[in-house]
Amino acid sequence: MSIPKLDHFINGQIVQPSEGRYTNVINPATGEAIAEVALGNSDDLDCAVRAARSAFEDPNWRGQSPQDRAKLLYAIAGRIQENAEELIFLEVSSSGGTISRISSLDLLVIIDICQVMAELIKGYPFIQNLPPRPLPEPTHTRIIKEPIGVCGLISAWNFPLALMMLKVIPAIAAGNTVVIKPSELTPNSTLRCAELIADLLPDGVLNVVNGIGAEVGAAIGRHPGIDKISFTGSTRVGKQLMADAAQSLKRFTMELGGKSAAIVMPDADIELTAHGVLFGIMLNSGQACESGTRLLVHSDVEDQLLARIRELAAQLVIGDPLDLATSMGPMSSIEHGEKVLGYIASAREEGAEIVCGGNKVDVPGCEDGFFIEPTVITGVRNDMKVAREEIFGPVLSVISFETVEEAVTLANDSSYGLAAGVWSQDLVNAEQIALRIQAGSVWINDWHMLRTDAPFGGYKESGIGREMGVAGLEAYLETKVISTAFQRRPQQKMLYPIVHKAIA
Ligand code: NAD
């Protein structure tokens, strides 16, 4: 049976890769090739950047008011909603995310970011008049917020369409044009979405160039015609990309890795915490940047909490992601699955104990997928590999503590700072702890509490800048100040005598 070919989408047209090269897109649940995706190169990228530049300069796009763009964002939301079923299917079959997550979480986020950005730009002060100041002379000064230009958007495979739309929508809400590079592992939904909304936008505003990171991604970093990069992916690649882009000093938003700590206080509601901790780590089988991967639990409640977590973990359904009954789907690839098992083995070697899970699981009908049991490791020290490195799998590392001081120190003892959580019934105390944690998001008595109207991003090596909310819009705006002077006579200019000594 032939499989679809996924090309580039440039200047409103489907464009084949200039070298004619393709690679397979694999369904991680079944191991089947579901599409062939174009392997682009720097020439293909250049073609897309030129289209994006000319669309950026075209009054047809530059002349649109925020109100026009708000209408457009609502139309995009509607188009995505109408085609949700197709997009969800593409997303599940390329990423291995469960259908229940993608249909009830990702799609909502995508529609929501369109609506939130539409409302935001209707009221956003793109032009601000400063009050006049009499000295050194009366001037009129305005602060203008302008689009940056051509934005290169690179994203990861784990929540492919949602992560990409969290970039595309604010970028175009601000009036930029974009060149998108989806992950080569999961390009299907992004490319299809671009095609579905293409007629709503002038040609060249939204372009997709497919290919691998080392080729198209790196070329985005080096391209002098790209003004801003927004990247979601690993910290390692983020650092490389920044080095590549340093030459042209591009603006950056970086959404990188995490090793987020959940602190469980002795007064936590155990039933809620056990459910919430598992939700925090097992969503998408642990393949989420802000997963609660380190459980810091007070020794008074450790046994009770772990007993309940083990009972609940045994009830999670590992299976075909297309089945609504499935809680946890596959690892993104066999190699990634092996890497996760390697981390579990390292914990054993370093003296920790696997108290639950730890093994590969066979799923009927998905024999070529790589599925891993929900895994809980106790007796972890914060200097062990499983406490320091991002595992990106269904693995919870449990570290016990005695005092709040110790818990805060452990939580902050990480090169990452994406998210954290506090489980406690004393909300005042929980807030005090939250204030001391070095992380971009701190959740009290829940996990994954992302809102499209609130900024999300990381401290330390988890990123630079923020997505979503006002900060997410401003990440795609430049600031210009225009000042007009009204004094016509040079003799009346207060500061000119500093230079013009002969001025009377
Ligand atoms: P990755 O860094 O391997 O790849 C991310 C993207 O970068 C892909 O599109 C890839 O093709 C591209 N890329 C690879 N090499 C490149 C290069 N040299 N130059 C430019 N681009 C290059 O990450 P991944 O495996 O796709 O995703 C998992 C990682 O993403 C995890 O570390 C996870 O924590 C992180 N992530 C972060 C967030 C967040 O919001 N902070 C969200 C999701 C995922």
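Below, all heavy atoms of this structure are taken into account, side chains as well, without hydrogens, waters or symmetry copies. As the structure lists them, so they are numbered: ligands from 1, and atoms in each ligand from 1. This chain uses plain numbering: 1 for the first residue, then up along the sequence.
- Looking at ligand 1, you'll find an N or O of Ser155 within less than 3.5 Å of one of its N or O atoms.
- Those atoms of ligand 1 with a heavy atom of Leu241 less than 4.0 angstrom away are 20 (C).
- Of the candidates Gly233, Ala162, Gly213, it is Gly233 that places a heavy atom closest to atom 30 (O) of ligand 1.
- The shell of residues lying under 4.0 angstrom from ligand 1, judged by heavy atoms, includes Ala218.
- A salt bridge links Arg53 to Asp227: at least one charged side-chain nitrogen sits closer than 4.0 Å to a carboxylate oxygen.
- Counting only heavy atoms of the protein, atom 40 (O) of ligand 1 lies nearest to Glu255 CB, 3.3 Å.
- A salt bridge is absent between Lys259 and Glu390: the closest approach of a Lys/Arg side-chain nitrogen to an acidic carboxylate oxygen does not fall below 4.0 angstrom.
- Note: no N/O pair closer than 3.5 Å links Ser462 and ligand 1 by distance alone.
- The only option from Leu296, Val297, Val264, Val277 that meets the side chain to side chain contact (heavy atoms under 4.5 Å, CB included) definition with Val398 turns out to be Val297.
- Here's the thing with Asp244: none of its N/O atoms is less than 3.5 angstrom from an N/O atom of ligand 1.
- Using a 4.5 Å heavy-atom cutoff, the side chains of Val216 and Asn210 are not in contact.
- Residue-ligand proximity: Gly463 is placed with every non-hydrogen atom at 4.0 Å or more from ligand 1.
- Figure legend: cation-pi geometry between Lys145 and Tyr124 absent, as NZ or CZ is not positioned both under 6.0 Å from the six-membered ring centre and within 45° of its axis.
- Judged as a side chain to side chain contact (heavy atoms under 4.5 Å, CB included), and not counting sequence neighbours, Ser54 has no contacts.
- Contact annotation: the side chain of His336 never approaches that of Pro28 to less than 4.5 Å [non-hydrogen atoms, C-beta and beyond].
- Some N or O of Ser234 is nearer than 3.5 Å to an N or O of ligand 1, by distance alone.
- If you check each of Ala419, Ser333, Cys289 against atom 39 (C) of ligand 1, the one with the closest non-hydrogen atom is Cys289.
- In this structure, atom 16 (C) of ligand 1 lies nearest to the protein heavy atom Val237 CG1, 3.3 Å.
- No part of Leu185 comes within 4.0 Å of ligand 1, judged by heavy-atom distances.
- For the pair Phe392/Ser332, no side-chain contact is recorded, criterion being any heavy-atom separation below 4.5 Å from C-beta on.
- A salt bridge does not link Lys339 to Glu389: none of the charged nitrogens lies less than 4.0 Å from a carboxylate oxygen.
- Under the rule for a ring pair (Phe, Tyr, Trp, His ring centres under 6.0 Å), the partners of His448 that lie at least two apart in sequence or sit in another chain are Phe279.
- Geometrically, ligand 1 and Glu184 share a nitrogen or oxygen pair separated by less than 3.5 Å.
- Within a 4.0 Å radius of atom 4 (O) of ligand 1, the protein contributes no non-hydrogen atoms.
- In this structure, the protein non-hydrogen atom closest to atom 25 (O) of ligand 1 is Trp157 NE1, 2.8 Å.
- For ligand 1, one of its N or O atoms has an N or O atom of Leu256 under 3.5 Å away.
- Numbered from 1 in the order shown, with element, the atoms of ligand 1 that lie under 4.0 Å from a heavy atom of Leu163 read 42 (C), 43 (C).
- Contact check on Asp106 versus Arg101 returns a salt bridge, with a Lys/Arg side-chain nitrogen under 4.0 Å from an Asp/Glu carboxylate oxygen.
- In this structure, CG on Leu45 lies 9.0 Å from NE2 on His8, to the nearest 0.5 angstrom.
- Atom 27 (O) of ligand 1 has its closest protein heavy atom at Ala156 CB, 3.3 Å.
- Considering both main-chain and side-chain atoms, Glu390 comes within under 3.5 Å of ligand 1 through a nitrogen or oxygen pair.
- No heavy atom of Phe159 sits closer than 4.0 Å to any atom of ligand 1.
- Closest heavy-atom approach to atom 20 (C) of ligand 1 within the set Pro187, Ala219, Gly217: this belongs to Gly217.
- Scanning the protein heavy atoms around atom 7 (O) of ligand 1, the nearest turns out to be Phe231 CE1, 3.2 Å.
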Self-check item: Worked check of side-chain hydrogen bond (donor to acceptor under 3.5 Å, both in side chains) between Arg436 and Asn412
Solution: CA-CA 9 Å; Arg436 297 177 61 193; Asn412 289 338; over 6 Å; no
